[in-house]
Amino acid sequence: MTSTEVKVHMKRFTFFGGKGGTGKTSCAAAYSLFLASKGVKTLVVSTDPAHSLADAFDKPIGFQTAQLGDRLWGIEIDAEVEARKYMKAVQDKMLDLVSAAIVDEIKRQIEIAYMSPGAEEAAIFDKFIELMESVGETYDAIVFDTAPTGHTLRLLTLPEILGAWIEHLIEKRKKAMDLMKLAARYDKPLAERIENDPIIKTLSARRDKFSLARRILTDPQESIFHFVLNAEKLPILETARAVELLGRHGIAVGGIVVNKVIPPEAGSFLEKRRLSQEQYLREIRTRFASMKIVELPLLDDDIQGMEQLGLLSPLMEDLGG
Amino acid sequence: MEKVLKTLRKWWEVFVLFHHGTFIDKRMAVVRKEAFDINDNLMLLLFGDFLGIPNPVSYYMLELLPYVADDLETWERRIQNRKFIIAEKAAQYDFD
Ligand SMILES: Nc1ncnc2c1ncn2[C@@H]1O[C@H](COP(=O)(O)OP(=O)(O)O)[C@@H](O)[C@H]1O
Ligand SMILES: [Mg+2]
């Protein structure tokens, strides 16, 4: 594939998902290297709280973008760092508007929300959207190395679910404000204040961010999701289920990467395993017939650094640009 | 006579205005009360986790805090009172 072909066919957002240990990180790294080698300015992003992108590239990566090669950058989203930034912004805004005594008094409440079960996910999601918005300027494409399936499905369906909830909150606030406006009919300054209600404004901004994310994720011209699995029995069923679920949420699945396929030259010790893999590979080809299927060989060593990534990245071409 | 009529009319106008005013005031008070109640319930949806009610979006609700921080304490008290009143009623009827 030529550079131009890649640039025409590639999606701006490519996700690699699947169970832990199957090779999501290795695939995301290899694919990002493939794009960069074709002249695409590429950012590879890890959304898995248990990051291993730095291991795959054998280079330090952190919560700030690090350059990994020509036209290639990487970042590992750190939920805690993002949450702290968010809290700081909230507190600064608060000090603008209310007394320090009040700020002090509600510190406890802030702690509670900060520790709430959804907080880590929400913090990751915010950074995720921020990065998505940066495409088109700094980068041409983003490759996402995601967390194991359950976590990622929640992350990707978050905007749909929370969007509806926030809409409900906006409606309630609007109703209260309409009544207030009625009551304040003869009080012009008050009526104006109600018109510019910051709560409705803030909730609406939030809702708009969610719908933007949802629009991008469900646009097959913009986003594509690839599943990584190994040629074994259970992963096939699990992948089929996950593909179905993503489809129901309107997210397009493009390809299946079968990783760690034992090569024939592996020798007699692995021969029995290799034969059973062949059977599962046949099953995968029938079951996912409508998708692109890429097979990656099991290498004789872990994937750590450009040398091994360089072996896999040309094979990623079959996923399409 | 003219003068008396004029004064009478003036008084009548004042009277009407006054009553109109109280009527509007009363109705507006009802409307305002309803608005406040809706808002109190909304606050419960926004910040319920402060009172131990789980909230799927509590992290995102923090960005609203700057605009409601001033009212938060009185709101919590009102809600606690409401809980208390409901508990009292329930006790009356031997609900538990
Ligand atoms: N094709 C392969 N050949 C050899 N080792 C591999 C291959 N793919 C992945 N690995 C190794 O398997 C382990 C898990 O891979 P990783 O990409 O981190 O999976 P995941 O991100 O899905 O948890 C890592 O140690 C990685 O180096
Ligand atoms: Mg990984």
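Not measured: the values here are computed from a predicted model. Computed over heavy atoms, backbone and side chain alike; hydrogens, waters and symmetry mates excluded. We name chains A, B, ... by the order of the sequence lines, and we start the count at 1 in each one.
Neither the backbone nor the side chain of B:Val30 comes within contact range of chain A; no heavy atoms are under 4.5 Å apart. Of the atoms belonging to B:Leu65, heavy atoms from both backbone and side chain fall under 4.5 Å from chain A. In this structure, no portion of A:Ile161 lies under 4.5 Å from any heavy atom of chain B.
Looking only at side-chain heavy atoms (C-beta outward), A:Met180 and B:Phe36 come within less than 4.5 Å of each other. Using a 4.5 Å heavy-atom threshold, the side chains of B:Val57 and A:Arg206 count as separate. The shortest distance between side-chain heavy atoms of B:Met61 and A:Leu203 falls below 4.5 Å.
Pairing each heavy atom of B:Ala69 with each of A:Met94, the nearest pair is CB-SD, 4.1 Å. Closest of all the heavy-atom pairs between A:Lys172 and B:Ile38 is O-CG2, 3.7 Å. Taking both residues in full, the closest heavy atoms of B:Arg32 and A:Ala183 are given as NE-CB, 3.9 Å, listed atom of the first, atom of the second, then distance. When all heavy atoms of A:Ala176 and B:Ala35 are compared, the pair lying nearest together is O-CB, 3.6 Å. Nearest approach of B:Tyr60 to A:Ala122, heavy atoms of both residues: OH-O, 3.1 Å.
In this structure, CD in B:Glu34 is found 5.0 Å from CG in A:Leu179, a value given to the nearest 0.5 Å.
Contacts from residues 41-48 of chain B to chain A, taken as heavy-atom pairs separated by less than 4.5 Å, involve B:Leu42, B:Leu45, B:Leu46 in sequence order. Applying a 4.5 Å heavy-atom cutoff, the residues of residues 210-218 of chain A that approach chain B are A:Phe210. Against chain B, the residues from residues 85-93 of chain A that qualify, each with a non-hydrogen atom under 4.5 angstrom away, are A:Tyr86, A:Met87, A:Val90, A:Lys93 in number order.
Residue pairs meeting the side-chain hydrogen bond (donor to acceptor under 3.5 Å, both in side chains) criterion with at least one partner in residues 155-166 of chain A, sequence neighbours excluded, are A:Glu160-A:His249.
The number of heavy atoms from other shown groups lying within 6.0 Å of NZ (A:Lys209) does not exceed 12. Other residues, nucleotides and ligands contribute more than 12 heavy atoms inside 6.0 Å of the CD atom of A:Glu171. In A:Lys181, the NZ atom is crowded: over 12 heavy atoms of neighbouring residues, nucleotides or ligands sit closer than 6.0 Å.
Of all the listed residues (B:Asp70, B:Val68, B:Leu62), the one sharing the greatest number of non-hydrogen pairs under 4.5 Å with chain A is B:Leu62. Counting heavy-atom pairs closer than 4.5 Å to chain B, the top residue among A:Ile106, A:Leu169, A:Leu95, A:Leu97 is A:Leu169.
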